[in-house]
Amino acid sequence: MSSTTSARHAFDALISDRGLAFGGDYNPEQWSRETWREDVELMRQAGVNFVTVGVFSWATIEPRAGAREWGWLDEILDLLHAADISVDLATPVASPPPWLGVQHPDILPVDRDGVRLIAGSRNQFSPASRTYREHALAITRDIAERYATHPAVRMWHVGNEYGQIDHGDEAAREFRRWLQERYGSIDEVNRAWNTAFWSQRYDDFAEIMPPRRMPYLVNPAQSLDFRRYSSDQLLDCYTELRDAIRQTGAEQPITTNFMGFFALADYHSWAGEVDVIADDQYPDPANPNAPSEIALVQDLMRSLGGGRSWVLMEQAISAVNWRSHNVPKSPLRARQDSLQAVARGADAICFFQWRQARSGAERFHSSMLPHAGADSDVFRGTCQQGADLRLLAPVGGSRVATDVAMLFDWSSWWAAEEPARPTERLSTMTEMNRWYRSLWRRGVSVDVLSHDAALDAYKVILVPHAYILNSATAAALTAAAARGAQIVIGPFSGVADENGGIMQGRSPVLLRELLGVSGEEWAGMPDEPGALRFADGFGPSEPQTASILAEHLRTEGADVMATHDGGELAGLPAITRNGTAWYLSAVVSDGALDAILAAALASASVSGAVPGLDVLPEGLEAVQRGDVLFLLNHGIHSVEVPVTAGLIDLLTGDETAEIVGIAPGEVRALSERHTR
Amino acid sequence: MSSTTSARHAFDALISDRGLAFGGDYNPEQWSRETWREDVELMRQAGVNFVTVGVFSWATIEPRAGAREWGWLDEILDLLHAADISVDLATPVASPPPWLGVQHPDILPVDRDGVRLIAGSRNQFSPASRTYREHALAITRDIAERYATHPAVRMWHVGNEYGQIDHGDEAAREFRRWLQERYGSIDEVNRAWNTAFWSQRYDDFAEIMPPRRMPYLVNPAQSLDFRRYSSDQLLDCYTELRDAIRQTGAEQPITTNFMGFFALADYHSWAGEVDVIADDQYPDPANPNAPSEIALVQDLMRSLGGGRSWVLMEQAISAVNWRSHNVPKSPLRARQDSLQAVARGADAICFFQWRQARSGAERFHSSMLPHAGADSDVFRGTCQQGADLRLLAPVGGSRVATDVAMLFDWSSWWAAEEPARPTERLSTMTEMNRWYRSLWRRGVSVDVLSHDAALDAYKVILVPHAYILNSATAAALTAAAARGAQIVIGPFSGVADENGGIMQGRSPVLLRELLGVSGEEWAGMPDEPGALRFADGFGPSEPQTASILAEHLRTEGADVMATHDGGELAGLPAITRNGTAWYLSAVVSDGALDAILAAALASASVSGAVPGLDVLPEGLEAVQRGDVLFLLNHGIHSVEVPVTAGLIDLLTGDETAEIVGIAPGEVRALSERHTR
Amino acid sequence: MSSTTSARHAFDALISDRGLAFGGDYNPEQWSRETWREDVELMRQAGVNFVTVGVFSWATIEPRAGAREWGWLDEILDLLHAADISVDLATPVASPPPWLGVQHPDILPVDRDGVRLIAGSRNQFSPASRTYREHALAITRDIAERYATHPAVRMWHVGNEYGQIDHGDEAAREFRRWLQERYGSIDEVNRAWNTAFWSQRYDDFAEIMPPRRMPYLVNPAQSLDFRRYSSDQLLDCYTELRDAIRQTGAEQPITTNFMGFFALADYHSWAGEVDVIADDQYPDPANPNAPSEIALVQDLMRSLGGGRSWVLMEQAISAVNWRSHNVPKSPLRARQDSLQAVARGADAICFFQWRQARSGAERFHSSMLPHAGADSDVFRGTCQQGADLRLLAPVGGSRVATDVAMLFDWSSWWAAEEPARPTERLSTMTEMNRWYRSLWRRGVSVDVLSHDAALDAYKVILVPHAYILNSATAAALTAAAARGAQIVIGPFSGVADENGGIMQGRSPVLLRELLGVSGEEWAGMPDEPGALRFADGFGPSEPQTASILAEHLRTEGADVMATHDGGELAGLPAITRNGTAWYLSAVVSDGALDAILAAALASASVSGAVPGLDVLPEGLEAVQRGDVLFLLNHGIHSVEVPVTAGLIDLLTGDETAEIVGIAPGEVRALSERHTR
């Protein structure tokens, strides 16, 4: 039983019924009944139509083993329903009550150091503990049976931000079971992990342990498989509860909240198990690249859902509490962040959380209704967003189209960041963000795809850093190039097989023919970046460099677009093109990267969301969703953008002339379809 | 049985008998009898009249369970007495012998990670362990019974630098007992800790644990109460032994050594339990602000004792050993440090330690008698100090008066530094020191008071950073303002209630009327400090800034003295004045802070110790103790200071003209009372 | 049974038979039989004549308790023998199979935190575990019995990079046994450790523990003895297996691989137990001082072997994997590194490893045969080295002579780096490298000697930083000075006795007469270095400074060569000379240090390897081994060097004119003896 079409329809029906969903986490168990009434009144005032209830209510519902306190939950669901506010009802399993760990220490997770973690924070459970699983199942079944037909409940929220890792004995047992399933025999494990290295051969599954504290570097294949297991084990926690809900006859969509490019769960394997993609997004307002970085996350979420609309399940309306220094968002910035998500395919805009927690570890996490109360710019901003989202209802359900794919694979990311590699300065996510930013500046969206996705539809396929890349992907890239697609491969790609074993031969072994080059050594570069020399008539006018990592490379048919100019690699190719297949064998500077990507887009005749503007004004984001062109000014200067005359701005009702001016922080949603 | 008047009198009598006390820790158990004789001879040569004996002698007295080796201690006390050197006799309980932890592992502390700490260093005991407590009690009773009437013994020194924290099962039991006493019921704990947040509800006290390693952020209220419990538990260790000593009929003052603004003990609750305040002070010679920072500590110590004189129990005569880089003090600097303590109320000047340890972890901690021996500048400096202190005997018992109070509260400090707050860049102690330095530069001393202290006597009341501030304190501040006192409140004050719960409403909720302002959001500031614009005719001429943290603020009657000039908060108030109540809603630069404090002092007609000098020459410290004006030149240039003519310098016997010149490192002690 | 003369002869015979040995670690258990055949073919092509087999083969030989899988090893030894490749056969005890720790958890080491380390990496054994020792002994005996007479086997390689530390109960037992042997009685332990300090007295050996996690600083004497014990315990692991091999009648040399100045083993106590010194050397190509730093290591290795030739057992042919950023070596650089070792006494040049591991934690450690295969510059470089080494065969067995000794002592190093000292900025190895570099730039080699070595043969004796220095060494230095040798003593020397207890009296107590000075305090210096003022006509022309640590010093007969110019120590001596004994009482800048060392060399009439060149051109290294003058250009410019005309370059066959030009990366091996 995985994601079902009917449940997805139920989500689309929700949006169709209610317009874009707007709301946030609501934790009434922290507040008095008087406050509940004020909450509902203010929610209506703000235009809230959708709240998540019960994420952390396990101890309230089950204050001691086997108890069930439903009264408060009955009451709050009725109260919300009466106010026409729909509910995303949570299974409260993310944070077990303290008594559960006290009575059953086997539910408590053990960390790498062998330390058993205790209650007092949240999430103190091992995904491997059958005891935990049974208790979570029991309360989930009871909740689902009780509320499956409650008219307020329009969605189910299983767990919360699944990301718990256990290294204890419970995990050892489950890890071995997972290995047994994956490999069948201990010999196959030994082969896959190459345990002949360092005398690590296992004679029996029972000898295998999670990677606890060791004298030196762990076997990277063991580490990689433990990451895979951990993601799968968490997913199993999710699906077991999802199925239990469905078995009660519940027909609402069921999901759980993802966390963008989250290192502890392979969302490519999760995406098919949720009825609608939901994501938590916390860009740092102090990060000047936050707009493009979160846009990449949003493109990922849209792609995980196969292009269907998704739920922004959590975000902050102002500051968060968990960074060492937390800069707030202005109401204008918060509004822009929400509208950016809509532009990139979100049909629901939610926050953590409705009312700011009076105490606890998140007392300084901003909320739609702050400590200061309704007489505050934050709450006025909440109301503004509610009003804006009502105006954007026509966007609901529509899609973002693109001709550009960017490949990303969790296993590759994991393996690429195992220690003891050529350099720790090379980061998959840094490269993903650098490559994406170049496109984002052009108004080009991407589909972020797994390595086994179909590539037929794309004119440009980008592979910023695919450390692991198997033969099927290599074949698909080769086929795409053969039909004329532009392929751009980044450095240190195609290095390893699926267990992180290094491909034997000149590199990248499987892409050698596609790229018309071969390499023999990856080289950590000196601290001082090395100059690049571009082929005549190619490349940017400003000097460009390579740094971090390069490759001792030779051509085997490819054209050399840039060489290393000086240093140990002087004269060797740094950037090559073989027909439509580009290879960046070194980490090149932003300008060089941008030039390659611009050339690839141009060769494929891919243009951005604003026709005629090759590169958008500094800070401007442009994305076409359905028939609406979203223009968001993240910069500090007003910009003017040429558009089709006669579009209607859904947010203001204004009709466009041929140039639209956009002040800093402002957003335009220009529709072809709507008129006032 | 807490601090007694008669025991305090016994301390005053000691000073009256002996003049200012001078000496240090003396650990004869590390040395031979030949060395003892040399020690006593050199002590006499140096003017030492007071030594602390036995702090680390448990294993010497009780080499195995139940043994008692008194002979060496009898002998050394007699030897000291014969040399007319008084003794501060320690209960040797700070560092149990190894055998105690081997035989009774329950005495060993467990840290946050669950690791049981072992012998080999010092202090390996849990304050919660009844086994430890019984053994400590037994040896303390025996020592007190044996030496209570020894004529050398003029003071008791219980334990040493109490600051041990245990997170183990012993501590769990005692923490629960403490919570039961504080809250009465588990429901009240749940309410105070707001355990509805993150499903942390406890059904029974037995479920509560010390904050060991957890998956994520601990409940800050739990953490705050564990800090309170830990301080109280340590205090209970102290009082139990103090009472045992007193029960033997001992009449000497009993104390233990504090450690300034020490994070692990709330000395406001401790101060009433010691007969005389004693403190250990280790300013870093490499810190250019050390003179004002240690002056603040000394003002705290004087204030803890209700203005009575105190004991500088430990300091270094030159370098310490425990910093990563240890810069020594010159003899002149060491002398000045001692005289600074006298100026600020100390009647006893002691060092750790008399003779430098030949080995062990403190082998590089300087001592009055260094490894090099008596033929050394350090020992000559020791002798000089002895001579100087004899000349300052007339100061003994006199007081330092001030019209300025500065509020400080350990719970507020603790709660303000819990993680997950707007910014970790705001530090209570940094703000305390910055505010104090402004006054110190003017020759203004302060009384450092708890939040529940009487404020009637003060013309200026400073609140640099009172994160927790209750309604009684708010009322007292309001009353003080009403009678015309200048009140200055620093940023992020009045934020939380006594359990760290955030006050609900516009902030600072309880000070809103007093300050005539209200705020709605605290804002971590961008890394680049933001400009301030002062009201016309106010503020310093140099540009000033705000950084770290500001507040989204509006006036409700207050005058705006400075606004933010640029950035997200442009135009909003940063500094306000409402009658006599000032509010600094942001962390402002030193110049801005200084201007406000100068204005408040001027409005209250408070002037410094040197009449006519608003700001003292760079590096000069001035403080009036009793009828003696102390002038200390911490700077690198000679300074000239206008004084009353005809004062006698107690240190030189010179009579002052109208201007006194002071070379770098020099000290003047100008008495109105004494003539040659 | 320690190192034997006949076994050493067996090594010399190997070199005499085969020429310089050339090869590396070979791990056939990771590869197929097809690959073995390719390996042997490529080894022959590369000139490999010596490989180390079996270092990590325990789990392959003994896949479960008691099993013995010899077939593969029989086969590979025969294959190698057939190809005329000699074998250094390992006892595979460095990394036990996982099953051993699972079945016998007592073999697993416990770290400082009390965490038991597990399998999944390598080296998970406690040197104190009798269970581990018995299993290691059994497999070693069986291997030795089986292969002692195999004609391929020409050397035994026991364990690998011994450096395992255990803090668990097994270690506690053995540490106590070691203490009992060292001290005889618990009273002597208490005396040596000065346990009267901090109440640490032990009543029984059973109370003593390894230095696990403690509340504060560990007793430095306990820590020092634990380091000594740990080194001795590891050595005992080695000698037990060595003896077992010898008992089978094996006649080959037996050794284990050292790791330069390795902090966990006192190689002065190990050197006598190996038949030939073997060392692993991994200079960082990104470190500009790598050439002189590794030269110092090579001089140490030669000295550990009493001047006899040694084995470079492991090095990297290009990049390593374990730094956070790994810069490769060019083939030229790799060749130069090998030839540098030959120049400094190595008769065997080996690499880790022959074929790059396909996976596992060292998949990115370069190898003689890289992932890319034989069609690569790395492999071509391997072949070039093989050819070069064949040409250098005449050098085998010859020696490097020098008149300069540099003292180094592991106990002193350990004690000097215990925490809680005057400054953590002073580092023994940094000083060793700084002093050595000054000589290296002059073409002067050194013998690196233990403190109890005979000094009679040396004209210059350098003591960069001998924190511990006993009376015998002090007497030997004094005697050497008396016969006219130049002695140069660095700062913070002669501070402590053999247990780290500080010498009592003016410092350096035992060298006071030799140096004609005495000090009374060591002083951490301000961050800003302080100026030095040199005596007239002495010292470099550029301004020089002192920093980090200085000493409050006075002369007692010595001449003052430089004083501190400013600061607290202004006017006090910084550098003194008393006859032929120099004292640098402060850490002085490179130029000042160089001036002193140059003066000492000049006074002793010691000149470098290139007569007439006082200081070599930047980057040039010169060393005379036997009758061959090695000139290595590590710099980035070509240099010209005056040499005797008519020498033959062994590497090229060219005959020298009076000037020889050397390009960057090039090496000359100019022989007096050989002609074409």
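Letters go in sequence order (proteins before strands), and every chain restarts at 1. On a predicted model such as this, the values are computed, not experimentally measured, just so you know.
For the set B:S95, B:S324, B:S376, the count of heavy-atom pairs under 4.5 angstrom toward chain C peaks at B:S324. Between chain C and the residues B:V102, B:V327, B:V320, B:V378, the largest count of heavy-atom pairs under 4.5 Å involves B:V327. Between chain B and the options C:M525, C:R554, C:M214, C:E424, the largest number of non-hydrogen pairs under 4.5 Å is found for C:M214. The residue among B:A374, B:S330, B:P328 with the most heavy atom pairs within less than 4.5 Å of chain C is B:P328. Of the listed residues B:G373, B:A94, B:P98, the one with more heavy-atom pairs under 4.5 angstrom with chain C than any other is B:P98. When each of C:F197, C:Y202, C:W193 is scored by its heavy-atom pairs under 4.5 Å with chain B, the top score falls to C:F197. The candidate with the highest count of non-hydrogen atom pairs below 4.5 Å against chain B, out of C:Q222, C:R421, C:E418, is C:R421. Considering only heavy-atom pairs separated by less than 4.5 Å from chain C, the leading option among B:S121, B:A372, B:A119 is B:S121. Looking only at heavy-atom pairs under 4.5 Å with chain B, the residue among C:P422, C:G114, C:A206 that has the most is C:P422. Interface summary for chain C: among B:R363, B:Q164, B:E29, the most heavy-atom pairs under 4.5 angstrom belong to B:R363. For the options C:P526, C:G501, C:S518, C:P220, heavy-atom pairs under 4.5 Å to chain B are most numerous at C:P220.
In this structure, no portion of B:Q103 lies under 4.5 Å from any heavy atom of chain C. Proximity to chain B involves both the backbone and the side chain of C:P215, based on heavy atoms less than 4.5 angstrom apart. In this structure, the portion of C:E568 lying under 4.5 Å from any heavy atom of chain B is its side chain and not its backbone. If you measure heavy-atom distances from C:A523 to chain B, the contacts under 4.5 Å come from both the backbone and the side chain. Contact annotation for B:D375: both backbone and side-chain heavy atoms come within less than 4.5 Å of a heavy atom of chain C. Contact of B:P96 with chain C is made through the backbone alone, with heavy-atom distances under 4.5 Å. Residue C:V495 touches chain B through its side chain alone, counting heavy-atom pairs closer than 4.5 Å. For C:R191, the part lying near chain B is the backbone, with the side chain staying farther off; criterion is any non-hydrogen pair under 4.5 Å.
Between the CG atom of C:L217 and the CD atom of B:E362 there is a distance of 8.0 Å, given to the nearest 0.5 Å. The CD1 atom of B:I118 sits 6.0 Å away from the CZ atom of C:R212 when rounded to the nearest 0.5 Å. Between C:Q504 atom CD and B:R355 atom CZ the span is 7.0 Å, to the nearest 0.5 Å.
Checking side-chain atoms of C:R201 against main-chain N and O of B:P63 turns up a donor-acceptor pair under 3.5 Å. C:S199 places a side-chain N or O within donor-acceptor distance of the main-chain N or O of B:A59, the cut-off being under 3.5 Å.
Aromatic ring orientation, C:W522 versus B:F364: perpendicular (interplanar angle above 60°, classes split at 30° and 60°).
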Determine whether C:R213 and B:D113 satisfy the following criterion, side-chain contact (heavy atoms from CB on, under 4.5 Å), listing intermediate values before the conclusion. CA-CA 11 Å; C:R213 209 187 276 192; B:D113 302 328; 2.7 Å; yes
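When all heavy atoms are compared, the tightest approach of C:G500 to B:S359 is O-CB, 4.5 Å.
You'll find the side chain of C:N194 reaches within 4.5 Å of the side chain of B:Q30, heavy atoms only. Between C:E521 and B:P370, the closest side-chain pair of non-hydrogen atoms is not below 4.5 Å. Put simply, the side chain of B:F379 does not reach to within 4.5 Å of the side chain of C:E520, judged on heavy atoms.
Salt-bridge check for C:D497 with B:R358: passed, with a basic side-chain N closer than 4.0 Å to an acidic carboxylate O.
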